[in-house]
Each structure stands twice: as structure tokens, then as C-alpha cells.
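Encoded as C-alpha cells, the structure appears first; notes follow it.
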Amino acid sequence: MEIEIISFGKIAEFMANRRLTVDGIETTAQLKDLLEKEFPALADIKYKLAVNKTIIQETAELKSGDIVAFMPPFSGG
Amino acid sequence: MEIEIISFGKIAEFMANRRLTVDGIETTAQLKDLLEKEFPALADIKYKLAVNKTIIQETAELKSGDIVAFMPPFSGG
Amino acid sequence: MNEKKIKNIFVSGPITPAFIADSIAKHSAKTDIGGHSIFMGQVRKDELNGKFVAAIEYTTFEEIALAKMHEIREAIFEKYPLNCMHVHHSLGTIKAGEICLFVFTSSAHRKPAIDACTEIVERLKAELPIWGKELFEDETHQWKENK
Amino acid sequence: MNEKKIKNIFVSGPITPAFIADSIAKHSAKTDIGGHSIFMGQVRKDELNGKFVAAIEYTTFEEIALAKMHEIREAIFEKYPLNCMHVHHSLGTIKAGEICLFVFTSSAHRKPAIDACTEIVERLKAELPIWGKELFEDETHQWKENK
């Protein structure tokens with residue numbers, strides 16, 4: 001299936017937005033594992049995920065066409 | 001002895017500033033009693049006193065020339 | 001108490017948005033400030049038995065008020081790591097909708113600015129000899145009391 | 001959630017004192033307001049190893065930020081008896097000394113305005129996907145993190 005990855009802040013510095021065609025990836029937890037292997041810097045950041053513009057707190061199921069956002073710690077204000 | 005009385009807010013509406021020549025008045029408590037008899041409306045107000053520009057919490061001794069301020073509840077801000 | 005340090009907090013008439021803007025703008029050179037907290041009191045058009053408050057006329061016992069405010073200022077600077085603190089209170093007739101109190105605190109981080117601002121407002125209302133006479137549209141009045 | 005109600009809190013560039021003054025002035029017609037509380041965030045010229053922050057560049061995930069702010073707004077109006085609530089946050093490059101956040105609450109009495117303003121600032125900093133990139137004078141940078 002195809003997943004769109006978007007990233008922000010310092011994550012965007014090493015992991016650009018991209019479309020991934022992945023097999024055997026069914027959850028956000030699996031997606032995180034995959035990307036943390038490809039981008040070791042990601043593993044050092046306490047980031048949050050949003051799936052299709054909604055922030056998720058727990059692991060979520062993924063389906064083809066989903067947009068997953070990788071968001072480093074917020075620093076507004 | 002001579003005491004100067006100054007008043008503020010709603011107290012000033014019925015008890016104007018004045019100089020009093022009083023005998024047998026030695027404390028602010030006695031002065032209050034005297035003025036509450038002359039101005040019964042004063043007794044209905046939770047007022048504070050200042051002697052010579054310092055707010056007092058307890059009864060204070062008076063001496064000739066003192067300025068005593070009668071201040072109704074504050075309502076600044 | 002150092003008499004020279006006593007600031008006059010009183011202004012004649014309402015505090016204008018332009019005055020507030022000017023006060024804010026003056027802080028842009030103070031680049032160690034990270035947070036500003038402001039409280040403004042505005043005269044309410046309260047209703048009493050069908051009559052509306054048109055304005056509040058403020059008077060004070062100025063010498064006591066300024067000495068007390070000086071005391072509060074020292075205590076607040078002692079308690080909070082503030083960069084700046086400004087307090088302005090109107091005297092005279094302030095119409096409904098106009099601003100009669102402006103408290104402005106600044107610090108490196110938000111919490112001291114916010115906490116100091118709140119504490120100044122509380123203490124000012126409780127401790128400063130200032131009186132507000134609510135003037136109704138029909139020229140009657142009643143004396144305001146802080147709760 | 002009613003899409004039409006979602007307000008845009010983002011402004012490009014710094015929030016100016018004139019903008020703030022204009023916002024304050026607009027409330028003079030709302031004569032049931034007695035207290036206004038304002039919080040402003042200002043960019044600090046922080047030092048790191050002898051280098052100084054010249055500016056912060058703010059970016060956001062706008063759709064999530066606005067939906068989250070809408071949620072916060074609804075919760076705050078539910079919790080406090082407010083007359084008004086305004087929130088503005090800068091995007092883009094904001095220089096040290098400039099204002100990047102403006103939160104403004106108004107109510108009949110001071111306490112709800114003050115408490116709501118503080119809570120909005122806390123929630124905004126914790127929950128809105130906004131990122132600040134601190135730009136040093138030598139063109140290096142570091143990413144800000146809220147505590």
C-alpha cells in the first residue's frame with residue numbers, strides 16, 4: 001500500500017516529505033520502526049504522529065492513501 | 001488639643017474636612033466614638049483610619065496636630 | 001523608604017489604547033523579555049433598578065496610595081524575577097467602556113509575569129485608597145465597593 | 001465540528017503594538033466587560049555558547065493547529081464566563097524583541113478573564129503543532145522546545 005509521509009520542524013531537516021510504497025506495514029508502530037531504521041536521528045526525538053490530520057496517542061491501523069505526519073516537540077508561543 | 005479630620009468617598013458626603021478642638025480624646029477609638037455620635041451614618045460604614053498619612057489597623061494614641069483620615073471601603077481598579 | 005523612587009501611578013482621565021500600545025512598543029529593545037502580562041480594568045455599564053452607570057468618578061488619598069503602591073512594587077520585585085512592572089490608574093470621570101486601570105508586567109518566562117500581574121491587581125484593589133463613584137445617567141450615584 | 005466557525009489565528013510576521021491597540025479599542029463598545037487579560041510572547045535574544053538568537057522562524061501544521069485551537073476555544077468558553085477571546089500567533093521570521101503571540105480575554109469580572117488567558121497560553125504551547133527555529137546571528141540555528 002501507499003503511505004504519504006509529511007514531516008515538520010527538525011524532522012523535516014533529515015526526512016523530507018515522501019510517498020512510500022510499503023508491504024507488510026499495517027500499523028503506525030510498524031511504520032515508525034521502518035523509518036527509525038532508515039533515519040536513526042528520528043529515534044532520538046520524542047515525536048508525535050498525526051494520521052490524516054488527527055493527532056493519535058496510541059498505535060493506529062494504516063490503510064492505503066493515509067497521510068502520516070511526523071511532528072517533533074511543539075514550541076509555539 | 002486640635003485634630004484635623006479629612007474624609008473621602010461616601011464619608012465626605014456627610015462629614016466634611018474639619019479641624020476639631022477636643023478635650024478628653026486621647027485615642028483614635030475615642031475619636032471614632034465621638035464622630036459616630038455626631039454622624040450616625042459613619043457607624044454603618046466599615047471605614048479605615050489613617051493617622052498622619054499612615055493607615056492604622058489598631059487603636060492609636062493621638063496628639064495635638066494629628067491629621068486623621070476617614071476612609072470608606074476601597075474601590076479602585 | 002526612598003522618596004525619590006516613588007512613582008506616580010495616577011493619570012487624569014481614561015487610559016487610551018494608544019498609551020498602552022506605546023508602553024508595549026517601548027519593550028522591544030528589552031530583548032531578555034519573553035513574556036508580558038497585562039490586566040486592564042474597564043468601566044462597566046452596570047444596571048441598578050433600570051438605571052445604567054454612565055461613568056465612574058475616581059478619587060484617591062494620593063500620598064497613601066502612592067506609598068502603598070511603592071510597598072507593593074518592592075514586594076513584587078522581591079518575590080518575582082520581573083524585568084518590568086508598570087501600573088497606571090485613572091482619576092476623574094471615566095465613561096463606561098473606557099479603561100481605568102492598566103497593569104503590565106514582563107519577565108524572561110511567562111509564569112512570573114502572569115503571577116505578578118494577578119497579585120498586583122489583587123493587592124491594588126484591596127490596599128490602595130481609591131474610591132469609585134458610579135454615576136448614573138440620571139445624575140444619581142452610588143459608591144462602588146470591591147469584593 | 002462546524003468548519004465555518006474555525007478562526008485563523010495565524011498572522012504572517014510580528015504582531016505589532018498598533019494591532020494590539022486596535023484590538024483593545026474595539027472593546028470599548030462592549031460595556032458589559034469589566035476586565036481584560038492579555039498575554040504576549042516576545043522573542044528573546046537568548047545566548048548559546050556566545051552566540052545570540054537574532055530571530056525565531058515559526059512554522060505550523062496549520063490544519064491541525066486551527067482545529068486544535070478551535071477545540072481549546074470551545075472548552076474555554078464552556079468553562080469560563082467570557083465576553084471575548086482573541087488569539088493570534090505569528091508565522092515566519094520574528095526578530096528578537098518582536099511579539100509572536102497575543103492572547104486576549106475579556107469578562108465582566110477579572111478572575112475569569114485572567115484564568116482563561118493563562119489556561120489558553122498553557123494549552124496553546126502544549127497542544128498546537130507550531131515549531132520555532134531559533135536563528136543565530138551567524139546563521140546557525142537550533143530548534144526551540146517548550147518546557
Side-chain angles (χ1 to χ4, degrees), chain C residues 14-47 52-56 83 95-111 113-115 117-119 121-122 124-125 144 146-147, chain D residues 14-47 52-56 83 95-111 113-115 117-119 121-122 124-125 144 146-147:
Chain C
I15 294 156
T16 64
F19 178 88
I20 293 164
D22 193 48
S23 186
I24 294 168
K26 278 180 185 149
H27 291 75
S28 65
K30 301 197 175 184
T31 51
D32 44 356
I33 291 173
H36 300 286
S37 186
I38 286 177
F39 179 81
M40 294 176 292
Q42 181 168 301
V43 174
R44 270 197 320 273
K45 193 176 172 175
D46 276 348
E47 196 229 300
F52 289 93
V53 171
I56 295 182
N83 296 64
K95 295 195 202 95
E98 290 181 331
I99 291 165
C100 56
L101 171 64
F102 172 43
V103 177
F104 183 13
T105 52
S106 310
S107 57
H109 300 279
R110 67 189 177 282
K111 201 162 161 27
I114 292 171
D115 292 348
C117 188
T118 306
E119 189 168 326
V121 173
E122 294 302 320
L124 180 151
K125 284 180 175 261
K144 197 172 162 257
N146 283 345
K147 282 158 219 156
Chain D
I15 294 156
T16 64
F19 178 89
I20 293 164
D22 192 50
S23 187
I24 294 169
K26 279 181 184 148
H27 291 75
S28 65
K30 301 197 175 186
T31 52
D32 44 355
I33 291 172
H36 301 286
S37 186
I38 286 176
F39 179 81
M40 295 175 292
Q42 182 167 301
V43 174
R44 270 196 320 272
K45 194 176 172 175
D46 276 349
E47 196 228 300
F52 289 92
V53 171
I56 295 181
N83 296 63
K95 294 196 203 96
E98 290 181 331
I99 292 166
C100 56
L101 172 63
F102 172 43
V103 177
F104 184 13
T105 51
S106 309
S107 57
H109 300 279
R110 68 189 177 282
K111 203 165 160 24
I114 292 170
D115 292 348
C117 188
T118 306
E119 188 167 328
V121 173
E122 294 302 319
L124 179 151
K125 283 178 175 264
K144 197 172 162 255
N146 284 346
K147 285 158 218 156

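In what follows, chains carry the letters A, B, and so on, assigned in the order in which the sequence lines appear, proteins first and then strands, with residues in each chain numbered from 1. None of the values given here were measured: they were computed from a predicted structure.
C:His36 NE2 to D:Ile38 CD1: the interatomic distance, rounded to the nearest 0.5 Å, is 11.5 Å.
Interface remark: C:Phe19 contributes no atoms to any contact with chain D (heavy atom separation under 4.5 Å). D:Leu101 does not touch chain C: none of its heavy atoms, backbone or side chain, sits under 4.5 Å away. No part of C:Ala113 comes within reach of chain D, as not one of its non-hydrogen atoms sits under 4.5 angstrom from that chain. For D:Lys125, the part lying under 4.5 angstrom from a heavy atom of chain C is the side chain only. When heavy atoms are compared at a cutoff of 4.5 Å, C:Ile33 approaches chain D by way of both its backbone and its side chain. For D:Phe52, no part lies under 4.5 angstrom from a heavy atom of chain C. Only the side chain of C:Val121 comes within contact range of chain D, judged by heavy atoms closer than 4.5 Å.
Contacts with chain D were tallied for C:Gly34, C:Ala29, C:Ala21; C:Gly34 has the most, counting heavy-atom pairs under 4.5 Å. Counting heavy-atom pairs closer than 4.5 Å to chain C, the top residue among D:Ala108, D:Ala96, D:Cys117, D:Cys100 is D:Ala108. Between chain C and the options D:Glu122, D:Glu47, D:Lys30, heavy-atom pairs under 4.5 Å are most frequent for D:Glu122.
The minimum heavy-atom distance between C:Asp32 and D:Arg44, with the atom names listed, is O-CD, 3.4 Å. Closest approach of D:Pro17 to C:Ile24, counting heavy atoms only: CG-CG2, 4.2 Å.
A donor-acceptor pair under 3.5 Å is formed between the side chain of D:Gln42 and the backbone N or O of C:His27.
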